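Remarks on the structure that follows.
Everything numeric in this text was worked out from a predicted model, so none of it was measured. So that the names make sense, note that chain A is the first sequence line, chain B the second, and so on, each numbered from 1.
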Number of protein chains: 2
Amino acid sequence: MKISTKGHYGVQAMFDLAQHYGEGPISLKSVAERQGLSEHYLEQLIAVLRKAGLVRSVRGAQGGYILARQPDDIKVGDIIRVLEGPIAPVECVNEEDAEQCHKAESCITRSVWEKVRNSIEDVLDSISLADMCKDAEKAKMNKNYYMYYI
Amino acid sequence: MKISTKGHYGVQAMFDLAQHYGEGPISLKSVAERQGLSEHYLEQLIAVLRKAGLVRSVRGAQGGYILARQPDDIKVGDIIRVLEGPIAPVECVNEEDAEQCHKAESCITRSVWEKVRNSIEDVLDSISLADMCKDAEKAKMNKNYYMYYI
DNA sequence: TTTAATTCCTAGTAGTTTACTTGGTATTCT
DNA sequence: AGAATACCAAGTAAACTACTAGGAATTAAA
C-alpha cells in the first residue's frame with residue numbers, strides 16, 4: 001500500500017515550484033538541492049508532468065520550470081494521477097479502465113476497494129499546492145513564535 | 001497506489017471463511033475454487049495469516065481453516081496489515097517504524113501522506129468480515145427481488 | 001491399516017518494476 | 001564564446017511479484 005518515489009518526489013518538486021510561484025522559471029537544480037533529490041531523476045519526473053500540462057518549461061540559461069496553473073488550481077491528486085497512474089488500490093476498481101472483473105456487480109470485496117479508492121481521492125483532491133504553501137507559512141510562524149520565548 | 005495480490009486475495013479468502021463460519025474447517029481447495037485463485041499461492045498467504053493468529057488450521061483429511069475470531073472481530077485492516085505490512089503510502093509516515101525523515105516535524109508533504117494514511121486506515125478498520133457478509137446477503141436479496149419481477 | 005485428503009514447508013523462477021545513473025544534444029541568456 | 005540550463009535515450013542492479021514445483025507430515029474415513 002505504497003506510492004513510489006515518483007509520486008512522492010513529484011509532489012515535493014511541485015510544492016517547491018509553488019513556493020516560488022511568481023519568481024519566474026525555477027531551475028531543476030535548485031529544486032533538487034532544496035528537496036534533497038537527484039536532479040537527473042527529477043528530470044524524468046518533471047518531463048511527465050510537463051507532457052501532462054502541469055508545468056511549463058523555459059529552456060536555456062536562466063531557464064527552468066513554472067507551474068502551468070495557479071497553485072490553488074493544482075491538487076495533489078492531479079500530480080499523483082499523472083505520475084502514478086489512476087488511483088485504484090486494486091485494478092478492478094480502476095475507473096479509467098473499462099475491463100473489470102466479470103462478477104463486479106455483486107463482488108463484495110470490490111466494494112471495499114471502492115471505498116478505499118474514494119477516500120484516497122477525497123483527500124488528494126481536497127489538497128491544493130496553495131493549501132500546502134499556507135501550511136508551510138503557518139509552520140514557519142509557529143516556529144518563530146516558539147523561538148521568541150526561548 | 002496499489003495493494004498486491006497478497007492483500008487482495010487474502011481478503012477474498014478471509015471473506016470466504018467468514019461466509020462459512022460455523023461450518024467447521026474449510027479446505028483451501030474449496031476456497032480457491034470458489035474465489036478462482038491458485039490453491040498453492042493461497043497456501044502461502046494463509047500461512048502468514050495463521051502465524052499472525054487470524055486463522056486456525058486443522059490438519060489431515062477433512063481439515064481446513066477456521067477464523068480465529070468471530071467475523072465481526074476481524075477487520076479488513078487486520079488482514080491488510082498482516083499481508084501487506086503497515087499501512088503507509090510513503091515510508092516516512094510508517095507508524096511502526098521509528099526511523100523517519102529528519103525534517104519530519106516541519107515537512108508539509110509528509111502531512112499530506114499522513115492524511116492519506118489516516119483515511120485509508122479509517123476505511124479499512126471500519127469494515128469487518130461480518131459487515132461484508134451482511135452486504136453479501138443484501139446483494140443476494142436484491143437480486144432475488146429483481147428476479148421476482150422478471 | 002491402508003488410502004485419500006489435507007495442511008505444511010522449502011525452493012525456484014520468469015517477468016516486471018523501481019530508482020536511479022550515464023552520457024550525451026539542443027537551446028538560450030550573458 | 002561560454003555557461004547554464006532543458007531535453008533525450010539507454011542501461012542497470014536490486015528488489016519485488018505472482019506464481020509453480022515437489023514433496024513431507026498429519027489425520028479422517030474406508
- Query: Taking OP1 and OP2 of D:dC7, is either one under 4.0 Å from a side-chain nitrogen or oxygen of A:Y65?
  - Reply: yes
- Check salt bridge (charged side-chain N to carboxylate O under 4.0 Å, His left out) between B:E84 and all other residues, then give those that pass, not counting sequence neighbours. none
- Item | Check: C:dG24 base within 3.5 Å donor-acceptor of A:H40 side chain | no
- Item | SB check B:K75 B:E121 (cutoff 4.0 Å) | no
- Counting just side-chain N and O atoms, does B:K6 come under 4.0 Å of either OP1 or OP2 of D:dA18? no
- Task: Round to a whole Å and report the spacing from CG of A:L45 to C1' of D:dA6.
- Result: 15 Å
- Note on the structure: Rounded to whole Å, OH of B:Y9 lies from C1' of D:dA18 at a distance of 8 Å
- Task: Measure from CZ on A:R59 to P on C:dT27 and round the result to the nearest Å.
- Result: 6 Å
- Nearest-Å distance, CD (B:E84) to C1' (D:dT17)? 11 Å
- Message: Mind checking if B:L28 touches a base, just sugar-phosphate, or nothing, with heavy atoms under 4.0 Å?
- Response: sugar-phosphate
- A:K29 side chain N/O closer than 4.0 Å to the phosphate oxygens (OP1, OP2) of D:dT5? no
- Message: So, does B:R50 get its side chain near the phosphate of C:dC8, meaning an N or O under 4.0 Å from OP1 or OP2?
- Response: yes
- Using five pairs at either end of the helix from C:dT1-D:dA30 to C:dT30-D:dA1, determine the angle between the two local helix axes and round it to 10 degrees. 10°
- Take the protein atom CG of B:L49 and the nucleotide atom C1' of C:dT7, then report the distance between them rounded to whole Å. 15 Å
- Find the distance between CG (B:L129) and NZ (B:K134) and round it off to the nearest 0.5 Å. 11.0 Å
- Provide, to the nearest angstrom, the distance between the CG atom belonging to A:L17 and the P atom belonging to D:dA6. 10 Å
- Side-chain N or O of A:S27 closer than 4.0 Å to phosphate OP1/OP2 of D:dA6: no
- Task: Could you say whether A:S38 or A:G60 is positioned toward the 5' end of DNA chain C, judged by the nucleotide with the nearest heavy atom to each?
- Result: A:S38
- Under-4.0 Å side-chain N/O to phosphate OP1/OP2 contact, A:Y41 with C:dT18: no
- Between B:D16 and B:Q19, does any side-chain donor sit less than 3.5 Å from a side-chain acceptor? no
- Does the pair A:D122/A:R117 count as a salt bridge with the N-to-O cut at 4.0 Å? no
- Task: Could you tell me the separation between the CD atom of B:E43 and the P atom of D:dA25, rounded to a whole number of Å?
- Result: 16 Å
- Task: State whether B:T5 places a side-chain N or O below 4.0 Å from either non-bridging phosphate oxygen (OP1 or OP2) of D:dA18.
- Result: yes
- Report the residues that fulfil side chain to side chain contact (heavy atoms under 4.5 Å, CB included) with B:S38, sequence neighbours left out, ordered by chain and then residue number. B:H40, B:Y41
- Message: Measuring to OP1 and OP2 of C:dT6, would you say a side-chain N or O of B:S57 lies under 4.0 angstrom away?
- Response: no
- Rounded to whole angstrom units, what separation is found between the CD atom of A:Q44 and the C1' atom of D:dC8? 10 Å
- Task: Determine whether the side chains of B:D131 and B:S128 contain a donor N or O and an acceptor N or O closer than 3.5 Å.
- Result: yes
- Message: Under a 3.5 Å threshold, yes or no: a donor from one side chain and an acceptor from the other, between B:D73 and B:Q70?
- Response: no
